[in-house]
> 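Quick one: the structure is below, questions incoming.
Keep in mind that the numbers below use all heavy atoms, side chains included, and drop hydrogens, waters and symmetry copies. Worth saying up front: this structure is predicted, and the values here are computed from it rather than measured. Position 1 is the first residue of the sequence, and the numbers go up from there.
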Amino acid sequence: MTSTPAGALAPIAVLSDRAGLGDALMVCPLIWAVAQRYPGHPIWWISSCPDRLTRPVHELVADIAPTFVHFPRARYWPVPVISALLKLPRFHRVFDVRSRVGDVLLARLFLKSGGFQSSIPIGKFHRPSLIVDRSWSTIEADAGKKLDWTISARDGFHLPPQAQALAAELFPAGRRHVGIAVTTKGEKGWPVPHNIAFAKRLLAEGLTPVFFSGPSEREEIAAIRAGVPEALFTPARYAGEVESVYRLELTAASARRMEIGVAPDTGLGHLMGISLVPMVSLFGPGQPERWAPQAVRNTIVQAPEIDGKRRMDTIEPETVLKAVLDMLRG
């Protein structure tokens with residue numbers, strides 16, 4: 001069993017699950033808020049579902065939550081989970097943002113702590129529909145009042161100077177940049193021709209389109225480069241690094257240079273949102289009332305329902321442009 005050294009403040013645990021980039025990013029504002037509310041306490045981020053992008057997200061909060069632990073799920077046999085829980089130290093507070101009742105119940109029963117907050121409320125009949133609100137509700141329950149998440153996001157980002165300098169060089173303050181997230185996620189993705197047409201309309205309005213992408217969108221980005229060569233693109237790595245390297249810190253630094261972000265239901269949209277970028281969020285068959293990103297301002301553009309289905313290719317570039325221009329004017 002791990003113990004806390006004599007004289008040291010007891011650590012605080014933040015427990016999360018789900019494996020996507022957006023799921024991990026939704027935890028960041030909570031971690032920043034916990035650090036502000038409990039200064040000096042070490043923060044442990046304990047994830048039940050590791051992902052190749054979860055650890056890069058941890059780099060965005062590693063200065064205040066240096067300990068990242070992979071944790072098993074309960075699934076059908078709880079003994080390994082109970083054993084892992086008993087090996088953890090006693091925590092000053094636990095913030096559990098997971099949704100599986102069994103996982104949360106085991107943590108309540110076997111994790112040693114001075115206080116436990118989860119997104120599955122005790123004594124209430126419902127929890128927030130919006131996933132980001134569920135996560136944030138744990139710190140508000142602990143504080144006993146409403147909290148402004150933007151304060152945590154504003155103070156929480158500690159990006160490397162090298163990343164900030166490169167983003168400032170590529171996206172100078174004198175231009176009005178509109179970030180556009182590209183995703184390959186099947187029904188969630190906005191088609192490449194729509195991205196190209198939208199970027200051309202932005203250029204005609206005197207706005208600079210900046211495309212955001214991850215390691216999986218190489219083909220889409222190549223097509224967009226060919227279709228709209230005047231557009232800009234966020235860097236994936238520092239000069240000299242091999243192509244297999246993906247630096248999320250560069251994407252985060254670039255996001256903070258955008259005036260507005262446009263994104264489907266994807267992790268990059270969540271990154272723009274917690275970077276305090278006003279958002280235009282595109283939804284097809286997804287549920288914006290459940291999955292919309294945390295953002296200072298958010299305009300939802302959802303595909304029309306045709307024959308009982310909502311398809312992303314029915315969201316027209318002109319509709320998205322109008323939402324962007326309305327947000328800039330308002």
> Considering non-hydrogen atoms only, spot the tightest contact between S113 and V94 and give its length.
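Minimum heavy-atom separation between S113 and V94: CB-CG2, 3.6 Å.
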
> Please write out which residues are connected to V245 in a hydrophobic cluster, directly or through intermediates, given that two of Ile, Leu, Val, Met, Phe, Trp, Tyr count as joined at side-chain heavy-atom separations below 4.5 angstrom.
V242

> Going by ring-ring contact (aromatic ring centres under 6.0 Å, His included), name the pairs with one or both residues in residues 264-310, residues two or more places apart or in two chains.
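Non-adjacent pairs meeting ring-ring contact (aromatic ring centres under 6.0 Å, His included): zero.
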
> Checking side chain to side chain donor-acceptor pair (under 3.5 Å) for the pair Y246/E241: CA distance, chi angles, key distance, verdict?
CA-CA 9 Å; Y246 176 68; E241 290 187 312; over 6 Å; no

> Is the shortest side-chain heavy-atom distance between L111 and L86 below 4.5 Å?
no

> Can you tell me which residue pairs pass the ring-ring contact (aromatic ring centres under 6.0 Å, His included) test with a partner in residues 199-226, sequence neighbours excluded?
F211-F233

> Tell me every residue that passes salt bridge (Lys or Arg N to Asp or Glu O under 4.0 Å) with K146, counting only those two or more places apart in sequence or in another chain.
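Per chain and number, K146 pairs via salt bridge (Lys or Arg N to Asp or Glu O under 4.0 Å) with E140.
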
> Taking the side chain as every heavy atom from C-beta outward, state whether P209 and L232 have any pair of such atoms under 4.5 Å apart.
no

> Taking distance alone, no hydrogens or angles, what donor-acceptor pairs closer than 3.5 Å link side-chain atoms of residues 320-330 to residues at least two apart or in another chain?
unit_1	atom_1	unit_2	atom_2	d
K322	NZ	D326	OD2	2.8

> Looking at NE2 of H177 and OG1 of T234, how far apart are the two atoms once the value is rounded to the nearest 0.5 Å?
12.0 Å

> Tell me if a side-chain donor or acceptor on R93 pairs with a main-chain N or O of I12 at a distance below 3.5 Å.
no

> Between W45 and F68, what is the ring plane arrangement, given parallel below 30°, perpendicular above 60°, and tilted in between?
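Perpendicular, since the angle between the ring planes exceeds 60°.
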
> Do we see a donor-acceptor contact under 3.5 Å between the side chains of S213 and E220?
no

> Tell me which donor-acceptor pairs under 3.5 Å the side chains of residues 190-203 have, and how far apart each pair is, sequence neighbours excluded?
unit_1	atom_1	unit_2	atom_2	d
W190	NE1	I315	O	3.0
H194	NE2	D313	O	2.9
N195	ND2	W190	O	3.0
N195	ND2	P191	O	3.0
R201	NE	E318	OE2	3.3
R201	NH1	A197	O	3.1
R201	NH2	E318	OE2	2.6

> Should the pair F95 and Y38 be assigned to parallel (<30°), tilted (30 to 60°) or perpendicular (>60°) ring geometry?
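Aromatic pair F95/Y38 classed tilted.
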
> Kindly check if the number of other-residue, nucleotide or ligand heavy atoms within 6.0 Å of CZ (R311) is above 12?
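No - once you tally the heavy atoms of other residues, nucleotides and ligands closer than 6.0 Å, there are 12 at most.
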
> With the side chain counted from C-beta on, respond yes when P29 and W136 share a heavy-atom pair under 4.5 Å apart, and no when they do not.
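When only atoms from C-beta onward are counted, W136 and P29 do touch, with a gap below 4.5 Å.
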
> Does atom CZ of R290 have more than 12 heavy-atom neighbours, drawn from other residues, nucleotides or ligands, at distances under 6.0 Å?
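Yes, enclosed.
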
